[in-house]
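Read the numbers this way: they start at 1 and go in the same order the structure lists the ligands and their atoms. Atoms considered below: every heavy atom in the structure, side chains included; atoms not considered: hydrogens, waters and symmetry mates. For clarity, every value in this text was computed on a predicted model and none was experimentally measured.
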Amino acid sequence: MQQFRGFLFLVFFLAANAGAQTPLANAAIASAHPLATAAGKAILQQGGNAFDAAVAVAAALAVVEPYGSGLGGGGFFLLHRARDGKQVMIDARERAPFKATPNMYRNAAGQVLPQASLEGPLAAAIPGIPAGLAHLAQRYGRLSLAQSLAPAIRLAEQGFPADARYRALAQSHLTLLQRQPEAAAQYLQNQAVPEPNALIVQANLGKTLRALAQHGASGFYRGAVAKEMVAAVQAAGGIWQRADLARYRIVERQPIAFDYRGMHIVSAAPPSAGGLTLAEALHILERYDLNALKPAQRMHLVVEALRRAYHDRARYMGDPDFVSMPLQRLMSPRYADERAASIDLANATLSADLDKAPQVQQGNHTTHFSIVDRQGNRVAATLSINTFFGSGFVAGKSGVLLNNEMDDFAVAEHGMNVYGLVNSGPNRIAPGKRPLSSMTPTFVEDARGTLILGAPGGSRIISMVLLGILNYQSQTQVDLQALVSAPRYHHQYLPDQLEVEPDSFPGSVLDELQLIGHVVRVSKQKWGNMQAVWIDRASGEAFAASDPRGIGSGVAWH
Ligand code: GLY
C-alpha cells in the first residue's frame, strides 16, 4: 500500500513538474516592504525572471528594512527553475570567522558573556548575502547584477521615507543605534528616531552596492570595501581578517523534500533546521486526522509534535559541512512513529522527560519574500541579520550593518540563545562553520497548486510554516490572505511552554490545554510576517498575500 501510494505520488509529481513549464497567467510577489515588492516588479517588467527579481527584492530590503536583513547578513534562497524543474537551495548563510573559537563568548572563569554574541563586531559572522545575490544573477538570472541592483542603489542614495515600522524598531533599539557614530548617522537623525516620512539616505551603502554591481562578489569580498570593513571590525575589537571575506563561498544544497497527506513539501536543508524539523513534526502528525479534531485536541497534538521535533533540532542539527546528522532517520516515517508513541492524547508530555539536550537561541526578526514569474520560476527566500538591527555595528564607510548571527551557535553547551532555543555539540562554534538556523523558505505542491511561503521570527519560523501548511491543507477553497493572517501558537521543546498570540484563541480552548498540563503563555505581541504566493494549477493564475501583522505588500499582475 505504502509503495502504491509512493508510485501514485511519483506520477502526480512528474505531471506537476511538467505542468510547471506551462507559462502562467501572471506573476506575483509578496515581501515585507512595498518598496521591495515594487523593486521586484520593476525588474520583472524589464524582462528579468524570478531570480533577477529576487536579487532586486533582497537588495531593496537591505536598504528599506535594515533592521531585518542586509548585505551584512545571510540567508537561504529556495529556487525552482521552470525550464527543467531544478530545485535547489542557495545557502548564503554567514560563516564564523577563522579566528572564532568555541569559548570566545566566555570569560576566564568560563562564564558566558551574554551581550558579546549579540552586540558589536565580535557578534558578527562573515556575511553571505552579497555572494548569494551575485550567484543568483550570474547562474540563474537573465539580467545583469547591476540592472537588478539598480532599484536598491536608488533607494540607498536617494533615500526612502521612514515608515511606522522603521520608526518603531529604531525607537525600541535606540540605545543600540546611538552607541556607534556610524550607525547613528545612518539610521537616526541627530541621535533621535527620524520623524515620520523623513528620508533615510544611506550614501555609503549605496557605494557598496555600486561596487557589488560593478565587480560582482569581489566588489564586496575583496578590494576597498573588504579592506574598509575589516579595518573597522578590527579597530572595534572584532576578529575578522581579509581572508575570511576572500574565502566566503555560497553552497548549492539539495533541499529537504518529503510528502504529507497528498502534498509534496520542499524546504530548507541544513544548516537550516527548518526542513528537517518540519518533516519530523508533519510525519508525526500524519498519524492523526487533525481536521476532524476539536481545536484544543488539535493544538495539543501539534504542540507534542513540535516538542519532539525541536528536541531533535537541539540534539542533532548543525552545519552539514562540519557535523554528520542522522538525516535518513530524522526524515523517516518509522522514526516519527517511534517519537509519536510517547504522545499521550490526554496529557502534555514534560519536555524534561525527553532526553536532555543542550540549548541554543533565535528572535522575531529576519525577513521573507516569495516570487513567481510568468514562466513558473519560483523563489522563496528567508534572509536575516539575526536580531533587529543585528549587531548594531556599521562597518566603517562601507555602510554595511553587520549581523549578530554568531548568537545562533551554541555559545555554551547547555545555554540558551536569544530565542530561548537549546543547542548542543553539533552547533558549537568552529572556524568557518555556519550557525544552525530556523529559516524555512518552503514550497508546497499538491493537486490544487503550488504554495510559496515563509516567515521571519527566529525559532518560531518553523512552527509558523508548519501552521501555514496545516491551514492550507484544511482549506477547501484556498484563501491566501486567511492563511497569512491565521492566529499562531508555538512550542519549541524548551522552554516548556505553549506560547499563543494575544486575542487569538478562545479562553475555553486555552483552559482545556492547561487542564491537560500545558503551560500556556499568552504573548504580549503577535509574531511573524508571512509572505505567500499561490499558483492555482487549474487556471495558471498566481496570487500574493502579505501578513497583516507587518507593512508588506503582495501584488499579482498580468
Ligand atoms: N537568525 C535567525 C535564524 O537563522 O533562524
Here the atoms of ligand 1 under 4.0 Å from any heavy atom belonging to Glu405 are 1 (N), 2 (C), 4 (O)
_Any donor-acceptor pair under 3.5 Å linking the side-chain atoms of His368 with those of Thr382?_
yes
Under 3.5 Å: N/O of Thr366 near N/O of ligand 1: no
So for Arg93 against ligand 1, with non-hydrogen atoms under 4.0 Å, the contacting part is side chain
Per-atom filter on ligand 1: closer than 4.0 angstrom to a heavy atom of Asp408 are 1 (N), 2 (C), 3 (C), 4 (O)
Going by the 4.0 angstrom heavy-atom rule, the piece of Ser384 near ligand 1 is side chain
Are Asp312 and Arg339 ion-paired here, with the side-chain N under 4.0 Å from a carboxylate O?
yes
Please tell me whether Ser351 and Arg307 have a donor and an acceptor in their side chains that are separated by less than 3.5 angstrom. yes
Quiz item: Any donor and acceptor pair, going by atom type alone, linking the side chain of Ser272 with main-chain N or O of Ala268 inside 3.5 Å?
Solution: no
* Say whether Ser391 and Asn404, considering side chains only, have a donor N or O and an acceptor N or O under 3.5 Å apart. => no
